Visitor: 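Submitted below is the structure of interest, expressed as structure tokens.
The analysis underlying the following values was restricted to heavy atoms, covering all of them including side chains, and did not include hydrogens, waters or symmetry mates. Computed from a prediction, not measured in an experiment: that's the story for all the values here.
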Amino acid sequence: MAEKRRSGTVMSESKSGKCETDEEFLSQSGTSALLRGALLKLLESRSEDPVGFLAEHFGHLSSEVDDGGSEHQTVIRSLWHLSLAHHSQRSAFNNNVRVAYELLTQSGPRQRCIGGVRGALYTETLRCLCSEGGLSASTASPLLWRIRCHDYEAVPFELFRQGVLTCSVYTDYIRKSRRLYAAVASAPDRPAERALCQAVLTTLQDALETADGGDVGRYLEASAKISPAKLAQAMAEARPPTQQQEGPTMDAQEFEDAAATLFIARVRMVT
């Protein structure tokens, strides 16, 4: 019995020593930090495909090591981080913006800009962000022109964060305006009546004017709160039931441009 106890003690100590060795290995190799970081990103994103998300996450980490640090690849990796959390998740969104910003400031020894991200990389990131959000160049350009920086300028973090947030909110806003247009169009393949579109745009403008001008996110919140009842009332006033004949029309692009103008007019120009 004494021999078995001694043997058990030795085995227990050996097992404990192995466990400590495993922990030391994970710690020294940096694997623990990588796994912890990946799990935190997964919790932030709440992905419907956790395994696929983790595979993509580690793929991006691997590319950061293997890639020579080209600007194109750096922008792609930054966009991936920016896509992990919706802008309404402020804490997670801001953390991801910080990671993207740090990546862009370290895009390569020859491209580094003292004091922040180079203006060219900042502008390219915003352009790609709008494009991935489904915006056409014609819809994105007026906003990008308003918040642009010169290619040689150093963009500080707060300006970078505000630019990314503005583009993220803008893409959501445009998607909302497209749904509003679809609601007033009599058929998907036919343009909507101009009078109805003007009524909807006026309602959208009224909603935007109630928002706090200091936060672009308020514009999206305000426009999203347009109730179906209020929309129906505006449409009824634009075309009373006694008026059956359709008048002049407005196509989807014209409506989108008009809605975009309402938003962009409230965005402060970078000076």
Side-chain angles (χ1 to χ4, degrees), residues 45 79 82-94 96-97 100 122-149 158-185 188 191-192 194 196-235 238 250-270:
S45 67
L79 291 171
L82 294 176
S83 71
L84 295 180
H86 191 261
H87 60 79
S88 60
Q89 301 171 271
R90 287 301 178 89
S91 179
F93 177 79
N94 287 336
N96 293 333
V97 172
Y122 164 76
T123 302
E124 178 64 12
T125 301
L126 297 188
R127 186 190 65 78
C128 292
L129 194 61
C130 289
S131 178
E132 291 195 353
L135 301 188
S136 64
S138 61
T139 300
S141 293
L143 176 69
L144 296 178
W145 182 85
R146 199 168 186 84
I147 60 177
R148 76 194 189 289
C149 289
E158 187 53 38
L159 180 58
F160 178 84
R161 188 194 70 82
Q162 189 65 21
V164 169
L165 176 60
T166 300
C167 288
S168 299
V169 172
Y170 183 59
T171 56
D172 280 358
Y173 169 85
I174 292 299
R175 284 193 288 265
K176 170 67 176 177
S177 70
R178 290 170 180 169
R179 290 193 293 270
L180 290 174
Y181 181 82
V184 300
R194 179 170 293 274
L196 298 181
C197 290
Q198 291 290 1
V200 174
L201 289 170
T202 299
T203 305
L204 184 59
Q205 181 177 12
D206 291 342
L208 293 175
E209 288 177 349
T210 64
D212 179 8
D215 184 358
V216 294
R218 298 288 185 183
Y219 298 143
L220 181 63
E221 293 173 9
S223 62
K225 289 179 181 178
I226 298 177
S227 66
K230 189 171 183 180
L231 185 60
Q233 179 184 358
M235 293 169 61
M250 178 184 294
D251 63 31
Q253 188 59 54
E254 184 181 357
F255 181 88
E256 183 172 310
D257 291 343
T261 299
L262 294 175
F263 183 98
I264 294 171
R266 289 163 174 76
V267 176
R268 295 175 183 174
M269 182 178 292
V270 174

Visitor: Give, for atom OG1 of T166 and atom CZ of R161, the distance between the pair rounded to the nearest 0.5 Å.
Guide: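 CZ of R161 is found 8.5 Å from OG1 of T166.
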Visitor: Quick one: closest heavy-atom pair of L143 and I264, and the distance?
Guide: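 In this case the closest contact between L143 and I264 is N-CD1, 3.7 Å.
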Visitor: What are the two closest non-hydrogen atoms of L196 and V184, and how far apart are they?
Guide: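 Looking at all heavy atoms of both residues, the closest pair is CD1-O, 4.1 Å.
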Visitor: Closest approach of C197 and M250, non-hydrogen atoms and distance?
Guide: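 Heavy atoms only, the tightest pair is CB-SD, 3.6 Å.
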Visitor: Out of curiosity, T125 OG1 to R127 CZ, how far, rounded to the nearest 0.5 Å?
Guide: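 Answer rounded to 0.5 Å: 9.5 Å.
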Visitor: Hey, could you give me the OH/CD1 distance between Y122 and I147, rounded to the nearest 0.5 Å?
Guide: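 It comes to 4.5 Å.
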Visitor: Keeping the roles fixed (side chain from S177, backbone from I174), state whether a donor-acceptor pair exists under 3.5 Å.
Guide: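 Yes; at least one donor-acceptor contact below 3.5 Å.
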Visitor: Roughly how far apart are L129 CG and T171 OG1, rounded to 0.5 Å?
Guide: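 If we round to the nearest 0.5 Å, L129:CG and T171:OG1 are 6.5 Å apart.
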Visitor: Nearest 0.5 Å please: distance from the OG atom of S83 over to the CZ atom of F93.
Guide: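 Atom-to-atom, S83:OG and F93:CZ are 11.0 Å apart.
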Visitor: List in chain and number order the residues that pass side-chain hydrogen bond (donor to acceptor under 3.5 Å, both in side chains) with T139, two or more places apart in sequence or in another chain; answer none if no residue qualifies.
Guide: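 Counting only residues at least two positions away or on another chain, T139 forms a side-chain hydrogen bond (donor to acceptor under 3.5 Å, both in side chains) with S136, E256.
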Visitor: Which pair of non-hydrogen atoms, one from A260 and one from Y170, has the smallest distance, and what is that distance?
Guide: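 Smallest heavy-atom distance, with atoms named: CB-OH, 3.1 Å.
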Visitor: State which residues pass side-chain hydrogen bond (donor to acceptor under 3.5 Å, both in side chains) with Q253; sequence neighbours excluded, sorted by chain then number.
Guide: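 Here the qualifying residues are D257.
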Visitor: Return the set of residues passing salt bridge (charged side-chain N to carboxylate O under 4.0 Å, His left out) with R90 (not counting sequence neighbours), or none when no residue passes.
Guide: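 By the salt bridge (charged side-chain N to carboxylate O under 4.0 Å, His left out) rule, R90 matches D215.
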Visitor: Could you give the distance from CG (D172) to SG (C167), rounded to the nearest 0.5 Å?
Guide: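 SG of C167 is found 11.5 Å from CG of D172.
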